[in-house]
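So that we are looking at the same thing, I have put the structure below in structure tokens.
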2 protein chains.
Amino acid sequence: MTNDQNLETAPQEVEARAVEARVEAFIGVREARRSEVAEDYVELIAELIHDNGEARPVDIATRMGVTAPTVAKTLGRLARDGLITRAKYRSVFLTEEGRALAKECRHRHEIVLRFLLSLGLDPETAERDAEGIEHHVSERTLALFADFADRS
Amino acid sequence: MTNDQNLETAPQEVEARAVEARVEAFIGVREARRSEVAEDYVELIAELIHDNGEARPVDIATRMGVTAPTVAKTLGRLARDGLITRAKYRSVFLTEEGRALAKECRHRHEIVLRFLLSLGLDPETAERDAEGIEHHVSERTLALFADFADRS
DNA sequence: GCAAAAAGTTAGCTTAGGCTAACAATCAAG
DNA sequence: CTTGATTGTTAGCCTAAGCTAACTTTTTGC
């Protein structure tokens with residue numbers, strides 16, 4: 001410690017802490033990114049099961065805007081990670097864990113969407129932004145969003 | 001068209017349009033994801049140049065929370081995409097295009113951060129969420145955020 | 001001015017998430 | 001019950017973004 005004024009927090013320490021927070025933020029965002037696709041799939045699968053009684057890969061592909069092989073590969077990952085079960089050439093089902101995740105995602109999506117709409121955004125833009133934002137809101141922010149939407 | 005009531009918009013058409021909007025949202029989010037890393041780097045490089053007079057790969061690595069080889073590879077892509085220039089074993093510089101992007105990102109980041117703070121969020125969480133959210137807010141939403149923060 | 005430390009690079013591996021082409025299975029009409 | 005359309009899978013490719021290990025270059029301290 002080759003330092004003087006230690007009675008008050010030195011400016012460079014404040015700065016250092018800010019930088020550290022930023023680094024944490026970057027790392028956190030990278031982590032969030034890794035589960036984004038899984039969350040989108042699980043949420044969509046739940047929706048398809050609810051609406052159509054089943055979630056077929058072809059419908060997932062259409063709704064996600066990707067090709068069938070991409071869906072197949074992603075479903076393989078979801079199955080490996082214990083979020084879905086499936087049999088060859090058959091529809092997809094959510095595991096207990098998958099259902100829980102889907103529910104949580106839907107909840108977040110709805111709050112974010114409701115919040116954006118209550119801010120005065122048009123529905124199309126709100127939908128689009130919500131889709132991107134929902135994976136990056138902390139519990140704390142979500143609570144504030146819900147609160148705000150309720151008050152409006 | 002084996003359909004009846006065409007005087008009003010049929011419910012399944014409304015539904016179809018909603019689904020289409022959702023698909024567009026997914027595609028849009030995927031596009032946004034592709035430029036997220038580049039935006040983060042460019043923004044950070046601008047910051048380092050401003051604060052330290054130069055942007056060294058080692059500092060980028062530390063601040064991004066990744067290793068030096070990862071930075072090297074990413075810088076290669078940024079150079080290829082015309083956002084930065086660099087010479088071997090030397091610091092990194094932004095091109096005109098890179099500077100413009102950095103400025104835009106910083107602007108977005110600041111608005112989102114200011115907005116979250118004005119909602120009542122603590123600074124650490126705000127920083128973290130802003131980092132994730134900033135890449136997914138449309139111009140329209142950004143305007144509403146700025147407006148809200150100003151009014152607070 | 002040289003040796004050690006720090007910084008930068010290269011090679012090579014991994015995973016995720018896209019794609020097309022080719023093939024296999026299922027389903028639906030006839 | 002067969003055949004053609006639809007759906008699903010597999011193989012193989014690509015890019016991005018991460019890593020470690022090994023190497024080169026630059027900087028720094030004596």
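Lettering follows sequence order; numbering is per chain, from 1.
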message: Please tell me whether A/Thr125 and A/Asp122 have a donor and an acceptor in their side chains that are separated by less than 3.5 angstrom.
response: yes
- prompt: Of the nucleotides D/dA17, C/dG8, D/dT9, which one has an atom closest to the side chain of A/Pro57?
  reply: D/dT9
- request: Quickly work out the A/Tyr89 OH to C/dA25 P distance and round it to whole Å.
  value: 5 Å
- prompt: Within the structure, does a side-chain N or O atom of A/Arg90 lie under 4.0 Å from either OP1 or OP2 of C/dC27?
  reply: yes
- prompt: Does A/Arg30 place a side-chain N or O at less than 4.0 Å from the phosphate oxygens OP1/OP2 of D/dA17?
  reply: no
- request: Give a yes or no on whether A/Leu117 and A/Val112 share a hydrophobic cluster (residues Ile, Leu, Val, Met, Phe, Trp, Tyr; joining criterion: side-chain heavy atoms under 4.5 Å apart).
  value: no
field: Nearest-Å distance for atom pair CZ/P, residues A/Phe26 and D/dG18
entry: 11 Å
task: Among the candidates C/dA16, C/dG17, D/dG8, find the nucleotide nearest to the side-chain atoms of A/Arg80.
output: C/dA16
message: Heavy atoms from C-beta onward define the side chain here; which of D/dT9, D/dT25, C/dC19 lies closest to that of A/Thr67?
response: C/dC19
message: Working note: A/Glu134 + A/His109, criterion side chain to side chain donor-acceptor pair (under 3.5 Å); need CA distance, chi angles, decisive distance, verdict.
response: CA-CA 6 Å; A/Glu134 61 173 314; A/His109 184 88; 2.8 Å; yes
task: Find the distance B/Met64:CE to D/dA17:P and express it as a whole number of Å.
output: 10 Å
Below 4.0 Å: OP1/OP2 of D/dA16 and any side-chain N or O of B/Arg34: no
task: Rounded to the nearest angstrom, tell me the gap between atom CZ in A/Arg86 and atom C1' in C/dT26.
output: 16 Å
task: Determine: side-chain N/O of B/Lys88 to OP1/OP2 of C/dT10, distance under 4.0 Å, yes or no.
output: yes
message: Please determine whether a side-chain nitrogen or oxygen atom of B/Thr74 lies at a distance below 4.0 Å from atom OP1 or OP2 of D/dA17.
response: no
task: Examine C/dG17: is either OP1 or OP2 under 4.0 Å from a nitrogen or oxygen in the side chain of A/Thr70? Give yes or no.
output: no
message: What's the closest nucleotide to the side chain of B/Pro69 if the choices are D/dG8, C/dG8, C/dT10?
response: C/dT10
- request: Compare the minimum distances between each of D/dT24, C/dG18, D/dC19 and the side chain of B/Lys73, then state the nucleotide with the smallest one.
  value: D/dC19
statement: Between CD1 of A/Ile27 and P of D/dA17 the distance, given in whole Å, is 17 Å
- request: Let me know the distance between CZ of A/Arg33 and C1' of C/dG18, rounded to the nearest Å.
  value: 17 Å
- prompt: Considering residues, nucleotides and ligands other than B/Arg86, do more than 12 of their heavy atoms fall under 6.0 Å from its CZ?
  reply: yes
message: Quick check for you: among C/dG8, D/dG8, D/dA16, whose closest atom lies nearest to any side-chain atom of A/Arg56?
response: D/dG8
query: Taking for each residue the nucleotide of DNA chain C with the nearest heavy atom, is it B/Asp59 or A/Val66 whose nucleotide lies nearer the 5' end?
result: B/Asp59
- prompt: Counting only heavy atoms not in A/Arg106, do more than 12 fall under 6.0 Å of its CZ?
  reply: no
- prompt: Can A/His136 and A/Glu36 be counted as having a side-chain donor-acceptor contact under 3.5 angstrom?
  reply: yes
- request: Specify the separation, in whole Å, of atom CZ of B/Arg77 and atom C1' of D/dC14.
  value: 13 Å
Protein-nucleotide distance (B/Ile60, atom CD1; D/dA17, atom P), rounded to Å: 14 Å
